[in-house]
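Everything below concerns the one structure shown next.
When a ligand or atom number is given, it counts from 1 through the structure's own listing order.
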Amino acid sequence: SIARHVWYYEGRNGWWMYDQRTNDEIDQSFRRGDRRLEILIVGHLYVIDFENMHQYRLNDTQRRRRIKYDLISAPKKGVGGLKLD
Ligand code: V3L
């Protein structure tokens, strides 16, 4: 089936869509009912915390970004740090 909703993480003034591989892993973990997922993102281990809807680096828990599950057409800055023009 074609996904109509995808996962986003918070940027400075808008939301970034996760890259597809990361999105798929988050999706599978959420559907399994996991409370949290540990996942490698651009070479760093991150926690996806489904209870609080945050992501943060495992060894740098100060930095916390909100996450959301929203329509694929929702306003966004880009995908995985790559800006849309
Ligand atoms: N996917 C890709 N890169 C990420 C992700 C992720 N899920 N999480 C963090 N980073 P932190 P503006 C973001 C990058 O949270 O202008 C954006 O993708 C993060 O990149 O302290 O603020 C943009 O590339 C940051 O470079 O672990 O909206 C960039 O910020 C670095 O990991 C600027 O976005 C540290 O983030």
Q: Report yes if some heavy atom in the side chain of Tyr18 is under 4.5 Å from a heavy atom in the side chain of Ile41; otherwise report no.
A: yes
Q) Side chains of Arg65 and His54: does their closest heavy-atom pair fall under 4.5 Å? A) no
Q. For Lys76, which residues count as a side-chain hydrogen bond (donor to acceptor under 3.5 Å, both in side chains) partner, sequence neighbours excluded?
A. none
Q. So which residues, sorted by chain and number, lie with a heavy atom under 4.0 Å of ligand 1?
A. Tyr9, Gly11, Arg12, Trp16, Tyr18, Ile41, Tyr46, Gln55, Arg57, Arg63, Arg65, Lys77, Gly80, Gly81
(Q) Quick check on salt bridge (charged side-chain N to carboxylate O under 4.0 Å, His left out): which of Arg31, Arg32, Arg36 does Asp34 satisfy it with? (A) Arg32
Q. For Glu10, which of Lys68, Lys77, Arg66 qualifies under salt bridge (charged side-chain N to carboxylate O under 4.0 Å, His left out)?
A. Arg66
Q: Under the side chain to side chain contact (heavy atoms under 4.5 Å, CB included) rule, what do His5 and Asp27 come out as? Steps first, then yes or no, please.
A: CA-CA 10 Å; His5 293 79; Asp27 228 42; over 6 Å; no
